[in-house]
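Lettering follows sequence order; numbering is per chain, from 1.
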2 protein chains.
Amino acid sequence: MVTISDVAKLANVSTATVSRVLSNSGNVKKETTEKVLEAIQKLNYQPNILARQLRKLETKTILVVVPDITNTFFSKILRGIEHVAIENDYEVLLGDTGNNVERERVYLDILRQKKADGMILLTARLESHLLEEIASEFPVVLACEYLEGSTIPTVSIDNVSSARKATEYLINLGHRRIGFISGPLNVILSRDRLKGFRQAMAQHNIPIESFLVQEGDFSFESGYNMMMKFLALDQPPTAVFAANDEMAIGAIKAIKSKGLRVPDDISVVGFDDIQFASIYEPALTTISQPMFEIGKKAMELLIKLINKDQLEKNQYILRDRLIIRDTCKKYVEIGFKM
Amino acid sequence: MVTISDVAKLANVSTATVSRVLSNSGNVKKETTEKVLEAIQKLNYQPNILARQLRKLETKTILVVVPDITNTFFSKILRGIEHVAIENDYEVLLGDTGNNVERERVYLDILRQKKADGMILLTARLESHLLEEIASEFPVVLACEYLEGSTIPTVSIDNVSSARKATEYLINLGHRRIGFISGPLNVILSRDRLKGFRQAMAQHNIPIESFLVQEGDFSFESGYNMMMKFLALDQPPTAVFAANDEMAIGAIKAIKSKGLRVPDDISVVGFDDIQFASIYEPALTTISQPMFEIGKKAMELLIKLINKDQLEKNQYILRDRLIIRDTCKKYVEIGFKM
DNA sequence: GAGATTATTGTAATCGATTACATTTGAAAT
DNA sequence: ATTTCAAATGTAATCGATTACAATAATCTC
């Protein structure tokens, strides 16, 4: 392996000078610089990043912990993170937990061992004191998720208000029996969406039958299964709001499997606006999250934290939008569906 | 920051002893070990990985270069890679090129700078001599892609034979006018699939009209657009084979948009078997690649390379399968479609 | 041209671990 | 009690860069 002293020897200078040339620090004579560059070229020298990192005690790497990399929702966010990372000469270490809390814990150690300068969590199912603890010592940003009463910087949409918005849309279409398929209720974001649903229903004085709220796990299959439960009722809901698009599509599959149609017989709203939401038929009405933007913002915040810059605030709420496509329809009294 | 000498001081031993306890090298007295462990606990010490890496000149990190992380095909492979990586105490540095060749080049330097012990490429659009060069110096494995005449270890399916298999399936269903939507022809895997298509057609003495082969770019949109071209013909093909599932689904969208039905009017076959292939309606008939297995195998090979173990061979071909779902139908002379 | 000032380069410490080699300790053998 | 050997521990070099500080060279001022 070619090291800095090989270059120094060949160029007949000290390692310090080579290092100065490398870092462009400006105090090197033109001819010397050329000599050094020539030697570098000749030897095809590449500085050993490990040594540099050790000396500077920084890795120029950040860790992103993702619950499921095969979910396009998260990979879009990752794209946003990478975009800003590259601009700022950071690299991205990927930690996929496969929805396994244990694995989340393991990634905290990677940060502690200084293998990364900071961490973005797209999942936060660990006990909050563990997160608080590590966030007090290292730069940590939460994206999508947040911790109640915590000061860890967070980027997300307002899940409560967007769920309320989606629910209200259904209510305004005339629906009263609305089913809700929630995400796993141990994550706060699921609870927020449920809360938004409840708020909207309460605001319109519509009582919620407890059976019409079912807990899924964000998977296509769970959407299918929960919808099947609804369909087994004497009086199934006339509309269903699913806490993510996968479950919404699962629900539509279930509806179709019973020979019913979407939106004619039952309306469906999803959440996230993954790519497939617009491709699927019928195209899914859903809440669109600015995934790329969330990723970008999270990385921007993390860089500020790493540089010990002051943050203006520590909760950043981005705008979501209700995207109206083809899965919802006005509900008119039985016999008069239009 | 707590360092090894802090621990050594507190435990009243030398750093060497602490290090021995850390690495479990066995030659430390029981009581000493306990003293050290106690100190470690008390100080909440975590070894600085950078220092260890520098000393050992290894990073326990591998780099994976992906053309598009939002494509579930690649993220599934990534899952396989990560699975084996974790088992062997490796971490995964993610390099998403966003289908940009330039970005591919950049990632080679990360390897050169020893920021990773090896690299798995899921895309190989760079000039082959660059790849050969780096592969001669560092552990590199190609997955999905391969280089003609190269000795870089490769894991993939046999794209030629699987494309042939899919085409033959259509031919056996009675189709003669078969359209092919290829991937970008600057990647070898696309050329292989085209080759397989041609072979099957030739074997059955079916001439290929050049207009019936169109080059897409693996995106949903390009599938849609190319299919629109086919549909503009006086005599559109009765079946279409797309070189990946996204394009196949795009093609189906185009067919539906003209008021035609799949498979009744036109049959469609895809390639890859992404999750959405089975969810979409009609469920897509496609070639299934063992994505997780490809990832696993690639990582296993890379570890062997890193450990300088001998490989038995350097081309690993995994089995693919034709998954028959609902997008193909027998073709009977006009007027007698069944 | 002497002295002051600035530009350029070199020397050596440093980052935090690992490890070859040296030393000490303790037990067994005689 | 002395010698021998193995086990346990310590000392210091090492990995390859960066950088504080020191030293030298070049330039300017009068």
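- Checking the phosphate oxygens (OP1, OP2) of dT11(D), no side-chain nitrogen or oxygen of Ser14(B) falls inside 4.0 Å.
- Closest contact between the side chain of Asn48(B) and the listed nucleotides dA17(C), dT8(C), dT18(D) involves dA17(C).
- With hydrogens and angles left out, the side chain of Arg55(B) and the base of dT14(D) share a donor-acceptor pair within 3.5 Å.
- Checking the phosphate oxygens (OP1, OP2) of dG16(C), no side-chain nitrogen or oxygen of Thr15(B) falls inside 4.0 Å.
- For Ala51(B), counting side-chain heavy atoms from C-beta on, the closest listed nucleotide (dA12(D), dG16(C), dT9(C)) is dG16(C).
- Counting any heavy atom pair closer than 4.0 Å across all strands shown, Thr3(A) reaches sugar-phosphate atoms only and no base atom.
- Set against dT11(C), dT19(C), dA17(D), the side chain of Ala16(A) has dT11(C) as its closest nucleotide.
- Atom pair Glu31(A):CD and dT9(C):P shows a separation of 8 Å (rounding to whole Å applied).
- Ser150(B) and Glu132(B) share a donor-acceptor pair across their side chains, judged by distance under 3.5 Å alone.
- Looking only at distances, no side-chain donor or acceptor of Lys296(B) sits under 3.5 Å from a matching main-chain atom of Ile77(B).
- Between Arg20(A) and the choices Thr32(A), Val28(A), Thr33(A), the side-chain contact (heavy atoms from CB on, under 4.5 Å) rule is met once, by Val28(A).
- Rounded to whole Å, atom P of dG26(C) lies 17 Å from atom CG of Asn27(B).
- Taking atom CD1 of residue Ile40(A) and atom C1' of nucleotide dA17(D), one finds them 13 Å apart after rounding to whole Å.
- The side chain of Ser19(A) places no N or O atom within less than 4.0 Å of a non-bridging phosphate oxygen (OP1 or OP2) of dT19(D).
- Across the protein-nucleic acid pair, Gln46(B) atom CD and dG16(C) atom P stand 15 Å apart, rounded to whole Å.
- One side chain, Thr3(B) or Ser5(B), offers a donor N or O that lies under 3.5 Å from an acceptor on the other.
- The residue among Lys30(A) and Lys56(A) whose nearest nucleotide of DNA chain C is located toward the 5' end is Lys30(A).
- Following rounding to the nearest Å, Lys114(A) (NZ) and dG16(C) (P) show an atom-to-atom distance of 10 Å.
- Counting only heavy atoms from C-beta on, Leu57(B) has its side chain closest to dC15(D) among dA20(C), dG16(C), dC15(D).
- Glu58(A) has its CD atom 20 Å from the P atom of dG16(D), to the nearest Å.
- Spacing between atom CG of Leu54(B) and atom C1' of dG16(D) amounts to 6 Å, rounded to whole angstrom units.
- Between the side chain of Ser190(A) and the main chain of Pro184(A), a donor-acceptor pair closer than 3.5 Å is present.
- Between dA17(D), dT9(C), dG10(D), one nucleotide has an atom nearer to the side chain of Arg20(B) than all others, and that is dG10(D).
- Look at CD1 on Ile49(B): it is 10 Å from C1' on dA17(C), rounded to the nearest Å.
- If you check every strand for non-hydrogen atoms under 4.0 Å, Val13(B) touches sugar and phosphate atoms only.
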